[in-house]
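Okay, structure first, notes after.
This chain uses plain numbering: 1 for the first residue, then up along the sequence.
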Amino acid sequence: MLFFANMPKPVSKLSIFLISTGLFILIWVSYPIVAFNIFYAPKFETIIRPVPQDNKSSSVLIKDNNLINVLGTMKTDYTKASAWFPKAAKNITLGQNKSNYYRLTIPRLKIENVSVMIEGEDLTKNLIQFTGPPPGNYGNVVIFGHSSLPFLYNPRDYKTIFTKLPDLKVDDDILVNIDNITYNYKVSDLKITTPDDLSVLTQEYNNAYLTLITCVPPGTSYKRLIIKSKLRTT
């Protein structure tokens, strides 16, 4: 009898269920991150640059050269556009546009006529133009948009809207409609960089550019995906 009393008790069905559920959730969350690094990251050029130390040599306005302050903290609320580059001042040139809103379409990703707010803050309600002139003008139109775990992707949900941005390719179209005029931008460069790389906000006035920025791997804030495009003139 003593022998049987010392035998381990069989694992209950509830324990098996809880363990299985935990493993499933772990795989469900980690797989997109692992898959991104295996299948997506190699096609991008990962560039690591220091934070510019002299704001006179760059058109990016930097409020603070302290790297810790620039990066923020792990508790940063990334639904707020100002939190993405907290020490980079907004530099909006309003121009002659009649509205603070315009529409953006990315055919490859089936994103159609979504709202972009100029100088906005809440990324759960719109895409946000953080810096640059109105679309169609010389300079660099910089637009922020959220990403999420791929399983949650919805091209109409601003909390997940840029999840599929890594699927874009060179020469893909990005269409912008502002004041009833449609501008066609062509993707020219794709790269992954670090959150302290403020060069992606730089204004270049030799052409009309549009830059889309989101966090990668999807569902994390570890790095930034940069999609740069040029205005098509013909």
Could you tell me the separation between the [atom1] atom of [X] and the [atom2] atom of [Y], rounded to the nearest 0.5 Å?
X: Glu121; Y: Phe144; atom1: CD; atom2: CZ; value: 10.0 Å
X: Ile227; Y: Asp172; atom1: CD1; atom2: CG; value: 9.0 Å
X: Arg232; Y: Asp171; atom1: CZ; atom2: CG; value: 9.0 Å
X: Asn184; Y: Thr233; atom1: CG; atom2: OG1; value: 10.5 Å
X: Leu127; Y: Leu104; atom1: CG; atom2: CG; value: 6.5 Å
X: Arg224; Y: Cys215; atom1: CZ; atom2: SG; value: 3.5 Å

More than 12 heavy atoms of other groups within 6.0 Å of Lys186 NZ: yes

Just wondering, do [Y] and [X] contact through their side chains at under 4.5 Å, heavy atoms?
X: Pro217; Y: Tyr222; result: yes
X: Pro135; Y: Gln129; result: yes
X: Leu231; Y: Tyr138; result: no
X: Asn140; Y: Thr202; result: no
X: Glu119; Y: Asn100; result: no
X: Val141; Y: Val176; result: no
X: His146; Y: Thr79; result: yes
X: Ile143; Y: Leu210; result: yes

Any donor-acceptor pair under 3.5 Å from [X] side chain to [Y] backbone:
X: Asn126; Y: Ile128; result: no
X: Tyr158; Y: Asp122; result: no
X: Asp157; Y: Lys159; result: yes
X: Arg156; Y: Val114; result: no
X: Thr214; Y: Leu225; result: no
X: Ser147; Y: Phe162; result: no
X: Thr160; Y: Asn154; result: yes
X: Tyr185; Y: Gly136; result: yes

Looking at every non-hydrogen atom in both residues, tell me the closest pair between [X] and [Y] and how far apart they are.
X: Pro195; Y: Ser221; answer: CG-O, 4.2 Å
X: Thr131; Y: Leu201; answer: CG2-O, 4.0 Å
X: Asp167; Y: Arg108; answer: O-CD, 3.5 Å
X: Asp197; Y: Val200; answer: O-CG2, 3.3 Å
X: Arg103; Y: Ser115; answer: NH1-N, 3.5 Å
X: Gly120; Y: Ala81; answer: O-CB, 3.9 Å

Within one Ile-Leu-Val-Met-Phe-Trp-Tyr cluster: Tyr102 and Tyr209, side-chain cutoff 4.5 Å: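 Not linked; separate clusters.
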
hydrophobic_cluster_shared for Ile192 and Val187, side chain cutoff 4.5 Å: yes

Matching residue for Ile111 among Leu165, Ile161, Leu175 - test: side chain to side chain contact (heavy atoms under 4.5 Å, CB included):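 Result for side chain to side chain contact (heavy atoms under 4.5 Å, CB included) with Ile111: Ile161.
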
